[in-house]
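As the structure is a computational prediction, the values presented were derived from the model and not from experiment.
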Amino acid sequence: MPELPEVEATRRHVAPAVTGRVIDAVEVRRPRMARRHARPGDFADRVTGRTLERLDRHGKFLLGRLSGDVTWVTHLGMSGRVSLAGKGDPEAPHTNVVVRFGGATEFRLVDPRTFGFVAALLPDEVAGDSISLLGPDALDALPRTPALAARLAGRTAPIKALLLDQRFLAGLGNIYADEVLHRAGILPSRPGGSLDGGEVAALRRSIRPVLDAGLRHGGTSLDDLAYLLPDGRAGDYLSRLRVYGREDRPCRRCGTPVRRAVLRQRSTFWCPECQT
DNA sequence: ACCTCCCTGGCC
DNA sequence: GGCCAGGGAGGT
């Protein structure tokens with residue numbers, strides 16, 4: 001599913017194709033995809049005719065800076081992906097939003113489960129939006145160990161729940177949170193505040209390598225192929241996962257069968273030998 | 001801090 | 001026919 005590496009891989013494909021170009025047509029075919037607006041038509045009205053000046057990312061949110069100080073927000077939810085195509089190219093099922101640039105290139109948001117969304121925010125709306133509550137980006141603004149330790153101090157929630165909380169740290173989802181904790185040797189259920197200095201350091205230095213590896217492999221396309229790169233290729237980080245989705249199969253580090261439990265309504269995978 | 005809901009394809 | 005996957009929003 002789309003987490004930070006998948007969104008960043010998407011951004012890197014999309015940005016060169018559309019930066020500096022003008023949005024000349026928008027179709028929102030599933031009104032739900034624009035549900036942050038009072039009227040779904042507001043999205044098209046606000047972005048049409050504007051130039052995409054840059055395409056940024058914060059956590060799992062794609063943030064387009066449009067001329068006239070409008071912020072185009074795209075979130076892929078859990079089944080969303082972007083398809084970059086030419087006008088008239090065959091469309092994938094569930095192409096729910098189409099943003100056309102310069103009469104040709106199309107940014108298509110394909111999302112069967114419609115947990116993703118698009119929005120266009122005016123300057124005075126940005127501060128009140130959830131994007132303003134996001135914590136530091138896990139890749140671009142990862143706090144140093146002392147700052148991370150300070151943020152964890154006194155927290156009783158399981159460390160995995162904190163890693164999934166986008167206000168604590170922005171970008172990790174269920175797959176990469178489990179992978180990071182395995183690399184760091186920390187049990188997902190450990191209260192955040194119970195990590196000692198060495199463990200916080202291990203956690204901190206586990207985040208970037210895991211995200212970088214995911215990004216290098218084009219992200220994690222699961223067997224359902226819901227997530228694909230914008231050119232239609234699958235990311236192959238699935239084959240490198242050490243614990244996620246591997247219940248009862250051997251830990252890739254020590255061979256002990258991987259365990260699974262539900263934590264905060266989410267499947268959680270860990271190695272009982274490597275993680276303490 | 002925690003729970004429920006949203007949504008649909010795929011699988012049992 | 002029913003359950004499962006889960007990111008984020010909203011409620012308690």
Atom pairs and distances, side-chain donor-acceptor, residues 65-73 of chain A, under 3.5 Å, sequence neighbours left out:
residue	atom	partner	partner atom	Å
Arg65(A)	NE	Asp56(A)	OD2	3.4
Arg65(A)	NH2	Asp56(A)	OD2	3.3
Ser67(A)	OG	Thr51(A)	N	2.9
Trp72(A)	NE1	Thr74(A)	OG1	3.1

Ring of Phe115(A) versus six-membered ring of dG8(C): centres under 5.5 Å and planes under 30°?
no
Among dA5(C), dA1(B), dG8(C), which nucleotide sits nearest the side chain of Lys60(A)?
dG8(C)
In whole angstroms, the gap separating C1' of dG7(C) from CG of Leu62(A) amounts to 15 Å
With the criterion being N/O to N/O and under 3.5 Å, what pairs connect the protein with nucleotides 9-12 of chain B, and how long is each?
residue	atom	partner	partner atom	Å
dG9(B)	OP1	His94(A)	NE2	3.3

Report the residue (Arg167(A) or Thr114(A)) whose heavy-atom-nearest nucleotide on DNA chain B is the more 5′ of the two.
Arg167(A)
Rounded to whole Å, the CG-P distance (Leu263(A) to dA1(B)) equals 14 Å
Whole-Å gap separating C1' (dG7(C)) and OH (Tyr176(A))
15 Å
Does a side-chain N or O of Ser267(A) approach OP1 or OP2 of dA5(C) to a distance below 4.0 Å, or not?
yes
Separation of atom CG in Asp111(A) from atom C1' in dG8(C), rounded to whole Å:
13 Å
Mind checking whether Leu181(A) and Leu187(A) have side chains closer than 4.5 Å, heavy atoms only?
no
Taking the side chain of Glu3(A) as heavy atoms from C-beta outward, which of dC3(B), dG7(C), dG6(C) is closest to it?
dG7(C)
Rounded interatomic separation in angstrom, taking NE2 from His58(A) and P from dG8(C):
11 Å
Distance-only side-chain donor-acceptor flag, Tyr227(A) / Glu3(A), under 3.5 Å:
no
Which listed nucleotide (dC7(B), dG8(C), dG6(C)) is nearest to the side chain of Arg30(A)?
dC7(B)
Arg32(A) side chain, from C-beta outward: closest of dC6(B), dG7(C), dA5(C)
dC6(B)
Name the nucleic acid region contacted by Tyr244(A), choosing base, sugar-phosphate or nothing; use a 4.0 angstrom heavy-atom cut-off, strictly under.
sugar-phosphate
Give me the atom names and distance for the closest heavy-atom approach of Lys60(A) to Leu4(A).
CG-N, 4.2 Å
Parallel, tilted or perpendicular: which describes the rings of His75(A) and Phe61(A), with under 30° parallel and over 60° perpendicular?
perpendicular
If you only use heavy atoms from C-beta on, which nucleotide in dA1(B), dG6(C), dT4(B) is closest to the side chain of Gln265(A)?
dT4(B)
Could you state the CG-P distance from Leu222(A) to dG6(C), rounded to the nearest angstrom?
9 Å
Looking at Phe117(A), I'd like to know if the NZ or CZ of Arg32(A) sits under 6.0 Å from its six-membered ring centre while staying within 45 degrees of the ring's axis.
no
Counting side-chain heavy atoms from C-beta on, which of dG7(C), dA5(C), dT8(B) comes nearest to His75(A)?
dG7(C)
Between Arg35(A) and dC7(B), is there a side-chain N or O to OP1/OP2 distance below 4.0 Å?
no
I need the CD1-C1' distance between Ile175(A) and dA5(C), as an integer number of Å.
10 Å
No-hydrogen, no-angle side-chain donor-acceptor test under 3.5 Å, Ser267(A) and Arg260(A)
yes
Using the ring of each side chain (for Trp, its six-membered ring), is Tyr244(A) parallel, tilted or perpendicular to Phe269(A), with breaks at 30° and 60°?
perpendicular
Taken to the nearest whole Å, CG/Asn174(A) to C1'/dG7(C) is 10 Å
Using heavy atoms to find the nearest nucleotide of DNA chain B for Arg266(A) and Arg155(A) separately, return the residue whose nucleotide is more 5′.
Arg155(A)
